[in-house]
Protein chains: 2
Amino acid sequence: MGAYMPSGVPVLRDYRNPGDGAVPVRCTGCPIRDRAVCSLCSADELAKLDAIKSYRTYTHGAEIIGLGEDIEFVASIVTGVVKLTKTLADGRTQMVGLLFPGDFLGRAQTGPAEFDAVAANDVTLCCFSRTPFRRLMHETPNLEDRLLEMTMDELDSAREWMLLLGRKTAREKVASFVQMLWHRTGASQSDEGGEIALPLTRAEIAEYLGLTIETVSRQMTKLRGDAIIDFTSARNVRVLDMEALEEAAGS
Amino acid sequence: MGAYMPSGVPVLRDYRNPGDGAVPVRCTGCPIRDRAVCSLCSADELAKLDAIKSYRTYTHGAEIIGLGEDIEFVASIVTGVVKLTKTLADGRTQMVGLLFPGDFLGRAQTGPAEFDAVAANDVTLCCFSRTPFRRLMHETPNLEDRLLEMTMDELDSAREWMLLLGRKTAREKVASFVQMLWHRTGASQSDEGGEIALPLTRAEIAEYLGLTIETVSRQMTKLRGDAIIDFTSARNVRVLDMEALEEAAGS
DNA sequence: CGCAAACTTGATTTGAGTCAACTCCTGTGG
DNA sequence: CCACAGGAGTTGACTCAAATCAAGTTTGCG
């Protein structure tokens, strides 16, 4: 289970393992069937994918792909959260991607990875070797169409993230982060007051937002002081006032 | 011709109109044939694209796509430079894309634009109505494959840009910008000392880098003081020391 | 229970933003 | 052909938001 999940807290969000690390063997009943790269595939197309897939698990902190590695597989995130990061020579690190269940990891084309991919908590991947996947993609328009659509969605969200990094204040960044999690973890609109278990440490949130740990912490404290969010623990946020949160996020 | 080009200066880079705004009617001989979304297409595939294409021109500053518009076309940039920007409620704006000849503008899928697209100088587009383009894309794997590849390249470069926005200093940002232009404008390695005509104003460079005009100007002056770059005019840079520029860019 | 990692809080520094002139082009019209 | 208007760019003085440095406190795990 997610290393960050305090024991005894009820399961709230689906980026954690449903069940207990038990993973579907058949695609039918797969928890990400409706969102993943395979979501447009018909039953027989799915059977072909089924034949080339394999599951891999990574524990919290494990490196999935290292910078410059020539990755031999692509994958769908089944459970857990994967962070993509880029690092400058002197160690300054920026997160450049955060993948939730259903998201796709890797390029179908050849070439070395441009970033590190690390399991932010315990992760299960549904992996496809690159060559058979590419072949299947060419035979299966539904697969390629969905991958193109997902890649363009990623690009849109990268652009939103660029606006955040380039122009938002620390307060706006932190509020935007909570708001993003709220949406990505599949909260329903009526869920105000519901709890979000943060999948990232303060240090990782800082990497995501282009800030320092201290600034993230201070802004979290201020948002709590303004009665916009509350914490049941450092890793469990409750949104008290969704409208004020949107206001604070500047969007 | 590009409004920023001082008269009498020899043509240096291909993001300006080759010839005089004269545009190819046939795809053969198109200046972006080797790089654009159509680059993998065979002669007969190209003929089908040819049948649905049309050229549009925009003068410097013209809006190509407004935020929230449901764009009825997608396009390849033939000549000129297109900037994509996002703006917060109070007017803070961040550039989130910069498209050169060969780059692709728009989503094949449906849905409103997530950003503004503006002609940074005089621009020619090779446009395809969205519906026929989508249909053709489904019939033509070479087209969809290339679009997927280009979209993933865009995503990689957006992630590099995120590292810049989140973690680089003002000096590193400005140096990175010059370096990026050097590569995007197709300079050859042996071109040290060659000139780059900046396609953007200082204000636009600031939007690109998440800085203010003043900071961009100061850092340009410092890089000049360090004998890394030089200016023949405010809009024409010469790279004096490529190695030092890379060092200053922090990559 | 105790230790280390994660997180918070406070004091101080600093890099980039803001505000304010000023210069330099470039194009226009008398 | 020159004057001059206006936009683009530069430079300087000052401010401020976030980084840095430095203790603390809390939490969770062995």
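Residue numbers start from 1 in every chain, and the chains themselves are labelled A, B, ... in the order their sequence lines are given, proteins ahead of strands. Only a predicted model underlies this, so the values are computations on that prediction, with no experimental measurement involved.
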(request) Identify, with sequence neighbours excluded, every residue that meets ring pair (Phe, Tyr, Trp, His ring centres under 6.0 Å) alongside A/Tyr208. (result)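 Partners of A/Tyr208 under the ring pair (Phe, Tyr, Trp, His ring centres under 6.0 Å) test: A/Trp161, A/Phe177.
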(message) Using the ring pair (Phe, Tyr, Trp, His ring centres under 6.0 Å) criterion, which residues pair with B/Phe104? Sequence neighbours excluded.
(response) B/Phe133
Figure out the [atom1]/[atom2] separation between [X] and [N], and round it to whole Å.
| X | N | atom1 | atom2 | value |
| --- | --- | --- | --- | --- |
| A/Glu204 | C/dC7 | CD | P | 9 Å |
| B/His60 | D/dG7 | NE2 | C1' | 11 Å |
| B/Asn236 | C/dC24 | CG | C1' | 15 Å |
| A/Phe231 | C/dA6 | CZ | P | 17 Å |
| A/Leu211 | C/dC7 | CG | C1' | 16 Å |
| B/Arg92 | C/dG17 | CZ | P | 12 Å |
| B/Leu164 | C/dA16 | CG | C1' | 15 Å |
| A/Arg167 | D/dA17 | CZ | P | 16 Å |

Test of understanding: with side-chain contact (heavy atoms from CB on, under 4.5 Å), list the residues that count as partners of [X], not counting sequence neighbours.
| X | value |
| --- | --- |
| B/Thr151 | A/Leu148, A/Thr151, A/Met152, A/Leu155, B/Leu147 |
| B/Thr93 | B/Thr87, B/Glu207 |
| A/Ala117 | A/Ile64, A/Ile65, A/Val82, A/Leu84, A/Leu105 |

(message) Under the rule for salt bridge (Lys or Arg N to Asp or Glu O under 4.0 Å), what residues qualify as partners of B/Glu114, not counting sequence neighbours?
(response)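 If we apply the salt bridge (Lys or Arg N to Asp or Glu O under 4.0 Å) test to B/Glu114, skipping adjacent residues, there are no hits.
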(request) For A/Lys173, check salt bridge (Lys or Arg N to Asp or Glu O under 4.0 Å) against everything at least two apart and list the hits. (result) none
(message) So for the helix from C/dC1-D/dG30 to C/dG30-D/dC1, with five pairs setting each end axis, what is the inter-axis angle to 10°?
(response) 30°
(message) Counting the atoms with a prime plus P, OP1 and OP2 as sugar-phosphate, which does A/Thr212 contact under 4.0 Å by heavy atoms, base, sugar-phosphate, or nothing?
(response) base
(request) Tell me which residues in residues 168-180 of chain A put a heavy atom below 4.0 Å from DNA chain C, sorted by number, or none. (result) none
(request) Would you jot down, in residue-number order, the residues of residues 213-224 of chain B having a non-hydrogen atom under 4.0 Å from DNA chain C? (result)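 The answer is B/Glu214, B/Thr215, B/Arg218.
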Less than 3.5 Å apart, which donor and acceptor atoms pair up between the side chains of residues 219-231 of chain B and the rest of the protein, not counting sequence neighbours?
from, atom 1, to, atom 2, distance (Å)
B/Thr221, OG1, B/Ser217, O, 2.9
B/Asp226, OD2, B/Arg171, NH1, 2.9
B/Asp226, OD2, B/Arg171, NH2, 2.9

(message) Checking contacts here: which listed nucleotide (C/dC7, D/dA19, D/dG9) is nearest the side-chain heavy atoms of B/Thr201?
(response)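 It is D/dG9.
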Listed pairs under 3.5 Å, donor-acceptor, residues 244-251 of chain B side chains, sequence neighbours left out:
none

(message) Using a 6.0 Å distance limit plus a 45 degree cone around the ring axis, check whether A/Arg35 lies over the aromatic ring of A/Phe100.
(response) no
(message) Looking at D/dT10, I'd like to know if its phosphate oxygens (OP1 or OP2) sit under 4.0 Å from a side-chain N or O belonging to B/Arg202.
(response) yes
(message) So, taking the atom named CD in B/Gln94 and the one named CG in A/Leu165, what distance separates them when rounded to the nearest 0.5 Å?
(response) 8.5 Å
